[in-house]
Amino acid sequence: LFRSPERRTSEMKLLLFVVVLGTVVFDNSAVGATVGGQIVQRISCPKLTPITRNITAKRIESYTKQHKPIEAVIVITKKNKKWCLDPKLDWVKKVMKAVDKQRSEE
């Protein structure tokens, strides 16, 4: 029932280690998506990014498609900006095709 202070300290250290280890393992599960041979952080788009002008394929490093919670194309620019675009828009489809073409020529 009553534990010595040394035992409580070692139990707290063990508990802290387990919590930190669990956090690291859980957090690493959100990193492993591969796009175009590159590892990118798995991103979730809760809503589409309002874009006022079209983005050119030259500015895009990679993209991936998301199906939940919304349909979106997640675009990562060469400046590491992340945008969630509507996959139904014609210009987004054209940009994806252009990025795919650039990759096949590399």
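Just so we're clear, the structure is a prediction, and the values are computed from it rather than from any experiment.
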Looking at Ser62 and Arg103, what are the two nearest heavy atoms and their distance?
CA-NH2, 3.2 Å
Of all the heavy-atom pairs spanning Val73 and Pro87, show the shortest one and how long it is.
CG2-CB, 3.6 Å
Nearest-0.5 Å distance that lies between atom NZ in Lys81 and atom CD1 in Ile76
14.0 Å
Can you name the residues that form a side-chain hydrogen bond (donor to acceptor under 3.5 Å, both in side chains) with Asp90, not counting sequence neighbours?
none
Would you say Tyr63 and Val92 make side-chain contact, with heavy atoms under 4.5 Å?
no
Rounded distance [0.5 Å steps], CD in Glu105 versus CG in Asp100
11.0 Å
Using the side-chain contact (heavy atoms from CB on, under 4.5 Å) criterion, which residues pair with Pro69? Sequence neighbours excluded.
Ser44, Gln66
Those residues that, when tested against Asp86, pass side-chain hydrogen bond (donor to acceptor under 3.5 Å, both in side chains) (two or more places apart)
none
For Cys45 and Ile70, the nearest pair of non-hydrogen atoms, with its separation, is O-CG1, 3.3 Å
Would you list the pairs meeting side-chain hydrogen bond (donor to acceptor under 3.5 Å, both in side chains) in which at least one residue belongs to residues 67-78, sequence neighbours left out?
His67-Glu71
Quick one: side-chain contact (heavy atoms from CB on, under 4.5 Å) partners of Ile55, sequence neighbours excluded?
Ile51, Arg59, Ile60, Trp83, Leu85, Trp91
